[in-house]
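Reckoned from all heavy atoms, side chains included, excluding hydrogens, waters and symmetry mates. Numbered from 1 within each chain, the chains take letters A, B, ... in sequence-line order.
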2 protein chains.
Amino acid sequence: MRKRATAKEVGEAAGVSKWTVIRAFKPGASITDEAKRKIMEAAEKLNYSPNLLARSLSTNVTHQVAVLVDDFANPQKLPFLESLTERLQAAGLVAMLININNHFDHVHALLNADQRLVDAIILLGTAFRDETLNDRRLGPGMPPMFVLARDSQIEGVPAVVCDSEVGLRDIVDHLYERGYRRPGFMTGASALSTALKRRHHFAEFWRQKGVEHIVDISAERYSREDGGASAREYLKKTSPEDRVDVLMCENDILAIGAMETIRSEFGVSVPEDIAVVGFDNYELGATPAFGLTTYEQPCREMVDLIVEMVTGKREGETISLPGKLVVRSST
Amino acid sequence: MRKRATAKEVGEAAGVSKWTVIRAFKPGASITDEAKRKIMEAAEKLNYSPNLLARSLSTNVTHQVAVLVDDFANPQKLPFLESLTERLQAAGLVAMLININNHFDHVHALLNADQRLVDAIILLGTAFRDETLNDRRLGPGMPPMFVLARDSQIEGVPAVVCDSEVGLRDIVDHLYERGYRRPGFMTGASALSTALKRRHHFAEFWRQKGVEHIVDISAERYSREDGGASAREYLKKTSPEDRVDVLMCENDILAIGAMETIRSEFGVSVPEDIAVVGFDNYELGATPAFGLTTYEQPCREMVDLIVEMVTGKREGETISLPGKLVVRSST
DNA sequence: AGCGATTTTGCACCCGGGTGCAAGATGTTT
DNA sequence: AAACATCTTGCACCCGGGTGCAAAATCGCT
C-alpha cells in the first residue's frame, strides 16, 4: 500500500524509457504526439503523477512558502490567511503554516523552513523583533523573507503594509471634523514598531490641529478582554468630566472590548459620551450592536503584492498601501 | 547564494566520510564522541543542517500534513488552526494549509497533497461530499485521511467530532426548562450531513418532549449577513403571535446575524420575545451585546485526538466528544 | 536513393541523504 | 600475544526525477 508509480514503471508499461516519461510531463519538451499519448494512457492506468519531492531535490525549487503566524487571537488573520493561500495556490505555490508560540519560536521556525527548502518565508503580521534575524544560527543562505501587514526595518526584508500615516490622518481629520477634541489612544503590545508608529502619527496629526495632549491607555495583549480591562481601569480612575471624548484603539478587537465595557459597566454611551474607533475593519464590527468606525486594510491588494514579490514578478521593496476609512455609528 | 552545505562537505571539513556525518545527525547511531564533536563543529561552522527534502525522498516520510479548509468565513476555523498547528508542530509535523475554493477544488487539493507525499491529510470541517473521494483520479494509494470537526460516513476515513446528539439534547433540555415551546431551527448549507444531523437531533429531542413542530429557516451560507437575511425574511412573513419563541442557529455566526436583525430591524427583544441559541462558542458571542447561549466544541481535545491518530498513537476510528453548554443572556 | 538538417530518444551522471553489509579499528579475554 | 567480540567507519547502491549530450530516428530536399 501507499506505493506510488514511478516514471520508470510508466515507461515500461508504455514501452519507452523513464526519461521520455519525464519529458511527457514537462511542458514544451520535445516528444512525439504518439509517445505522449501512450505514456499518458499508461500513466492514467498506473495512477502516476510526478513525485514533487524528487523533483524539488534536483531543481532546488519546492513551490512551498512558509507562512509564520504568531497572533492567532487576532481574527483579522483569517481573511489574510484566506487570501494568501488562495493567491499562492493560484501561483502554483502552497503555504506551510507555522505557528509561532512559546514552544516554537521564530528562530526555530525559520530554521525549520530553511531545512525544508521553502522558496520563501512570509511573516504574517508577526511580532518578531528585528534582532531575531541576527541570530547566529541563521546563516546567510536563508530563503528570501517578506513581511505582510507589519512594518519591517530590516535590511533586505521588504514589507507590504497598510499606510498608517494616511490612515491615521484620515481618522484624525474625521474625528476633528466631528468635533472631538480630547483624544485617547489604546495600544496593545506597545513595544512593537507598528503600534508605536500608529501612536506616533495619531499624536502628530492632532498636534497639527492644535491638540497637544493624548491620553495613553495600554492593554496587555490584543484581545477583547484586555481592551475591556484597560478601558475599565481608565474609567475607574478618571471622573466623567476629565475623560477623553474619543478613544482610538489600535485594532478592532481592542475597540470592541473597550466599547462593550464602557457601555455595559459604566453606562457611558457611545458615541455620545465617548466615541470609539478601531483599525482593521473586522467583519463583526459592522454589526448594529457595534457600528464601529474603523480603517480597512486593503487585504487583497496587499496579498497580491506580496505574492508578486514572492514569485519574483515584482521587485522586493517595501510598499505602503492606503486603506479606507469606514465611518459607522461609533463616532 | 542560497547554497546549503551538504553532508559531504561537512565530512571533508571534519576529515570523515559523508556517511559518518549523516550518522552524527541520526540519534542513536553508532559513532565516537570524538568524531561527533568534530562533525558538529564543522557543521556549525558551515551552517549545515540535513536537507529534509532529500531525507524524505529516501525515507518516504515527509513530516508534512495537508490541512484542507474550505470555509474561511467561519471564525471558528482560527482557534482550530491555531491548536492544530501547535499540536502538529509539537509532534514534529508541519501543516500545509490548502484553501479549497472555486478555483481549487477538493480533488485538486487531494492530488496535490498526494504528489507532495504528505504523511496525512486532515479535512478541517470541510463541506466536501463523500462522492468526492470516489473520483476516479484518486487512486488507492492516497495518504491516510482524517476529518476534523465534521462527520464522515466514508469507509476508512475516521473523524473527530463534537457529539451533536449530546449537545442538542443539552440545548433542548435547557430551552424546555426555560419554558420555550415553539422552536425554530436555522441551517446554513442544509445539504451537509453535519447540518442535517443537528437538525435531526434538535427535532427528535423536542418530539420527546411533546413538541412536534419545528419551524425551518435556512440561510444561504454561514455568514452574519445570511443569518440576518433569513431571519428578516421569516419575521416579515410571520405575525408576532405566530413566531417561534426560540431560534436555534446552526452556528454562532448565523445566530449573531439573526439576533442583530431581530433586535435592530424589528424591535423584537432577545430573549424576551425570541430567544437565540448558537453553536461553537465563538469568542465574541460572550460579549455583553450578544450574550449568546451556545455550545462549546472541545477544540483542544478534538485536535489532540486527531493528532494522535495522524501520528499513529491511536487507532483511526471515529470519535464523538461531548462539548459544553454555555448559557448566557440570550435564552 | 542519398544526403544533411532536425527532431526524438536513451544514457551517464547529478540532486542530498539513507540502508545493509563488510572491512577496519578497538577492546577484552585467555 | 593470539583469538575473539564489539564497535566504528566506508562503500555500493538505493529513493525518483532532472540535465546535457550523443546516438538514433525522422524529415526535407535534390
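An OP1 or OP2 oxygen of C/dT8 is reached within less than 4.0 angstrom by a side-chain nitrogen or oxygen of A/Ser30. The phosphate of C/dG10 (OP1 or OP2) has a side-chain N or O of A/Thr20 nearer than 4.0 angstrom.
In this structure, the separation between CG on B/Leu97 and OG1 on B/Thr85 is 9.5 Å, given to the nearest 0.5 Å. Going from atom CG of A/Leu53 over to atom CD of B/Gln64 covers 7.5 Å, rounded to the nearest 0.5 Å. With rounding to the nearest 0.5 angstrom, the CG atom of A/Asn112 is 10.5 Å from the NE2 atom of B/His63.
Between A/Asp33 atom CG and C/dT9 atom C1' there is a gap of 15 Å when expressed in whole angstrom units. C/dC15 atom C1' lies 4 Å from atom CG of A/Leu57, rounded to whole Å. Spacing between atom CG of A/Asn47 and atom C1' of D/dG16 amounts to 17 Å, rounded to whole angstrom units. What separates CG of A/Leu53 from P of C/dG17 is a distance of 13 Å, to the nearest Å. Atom P of nucleotide C/dC14 and atom NZ of B/Lys3 are separated by 14 Å, given to the nearest angstrom. For the pair B/Asn60 CG and C/dG17 P, the computed distance is 18 Å after rounding to whole Å. In this structure, CG of B/Asn51 is placed 18 Å from P of C/dC14, rounded to the nearest angstrom. A/Ile39 places its CD1 atom 13 Å from the P atom of D/dG17, with the value rounded to the nearest Å.
Here ring pair (Phe, Tyr, Trp, His ring centres under 6.0 Å) pairs that include residues 21-51 of chain A, with residues two or more places apart or in two chains, are A/Phe25-A/Tyr48. Among residue pairs with one or both ends in residues 71-105 of chain B, those qualifying as ring pair (Phe, Tyr, Trp, His ring centres under 6.0 Å) are B/Phe104-B/His108; sequence neighbours excluded.
Across residues 5-17 of chain B, B/Thr6, B/Ala7 each have a non-hydrogen atom less than 4.0 Å from an atom of DNA chain C (numbered order).
In terms of polar N and O atoms assigned as donor or acceptor, the side chain of A/Lys18 never comes within less than 3.5 Å of the base of C/dG10 in a complementary pairing.
Looking at residues two or more places apart in sequence or on another chain, you find a salt bridge (charged side-chain N to carboxylate O under 4.0 Å, His left out) between A/Asp151 and A/Lys197.
For the residue pair A/Gln76 and A/Gln297, no side-chain donor N or O sits within less than 3.5 Å of a side-chain acceptor on the partner. Under 3.5 Å, the side chains of B/Asn51 and B/Arg55 contain no donor-acceptor pair of N or O atoms. A/Ser49 and A/Arg4 share a donor-acceptor pair across their side chains, judged by distance under 3.5 Å alone.
Contacts of B/Tyr48 with the nucleic acid, taken as non-hydrogen atoms under 4.0 Å apart, involve only primed sugar atoms and P, OP1 or OP2. Within the nucleic acid shown, B/Ile31 comes within 4.0 Å of sugar-phosphate atoms alone, with no base atom in reach, counting heavy atoms only.
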Tabulate protein N/O versus nucleotide N/O from nucleotides 19-26 of chain D, keeping only pairs under 3.5 Å, one per line.
| residue | atom | partner | partner atom | Å |
| --- | --- | --- | --- | --- |
| D/dT19 | OP2 | A/Lys26 | NZ | 3.1 |
| D/dT19 | O4 | A/Trp19 | NE1 | 3.1 |
| D/dG20 | O6 | A/Arg23 | NH2 | 3.4 |

Check against salt bridge (charged side-chain N to carboxylate O under 4.0 Å, His left out), A/Lys3 and A/Glu9:
CA-CA 12 Å; A/Lys3 167 67 183 138; A/Glu9 288 162 7; 3.7 Å; yes

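A/Val157 places none of its side-chain heavy atoms less than 4.5 Å from the side chain of A/Thr318.
One end of the helix from C/dA1-D/dT30 to C/dT30-D/dA1 points its axis 40° away from the other end's axis, with each axis taken from 5 pairs and the angle rounded to 10°.
Residue B/Glu155 places its CD atom among 12 or fewer non-hydrogen atoms of other residues, nucleotides or ligands, all under 6.0 Å distant.
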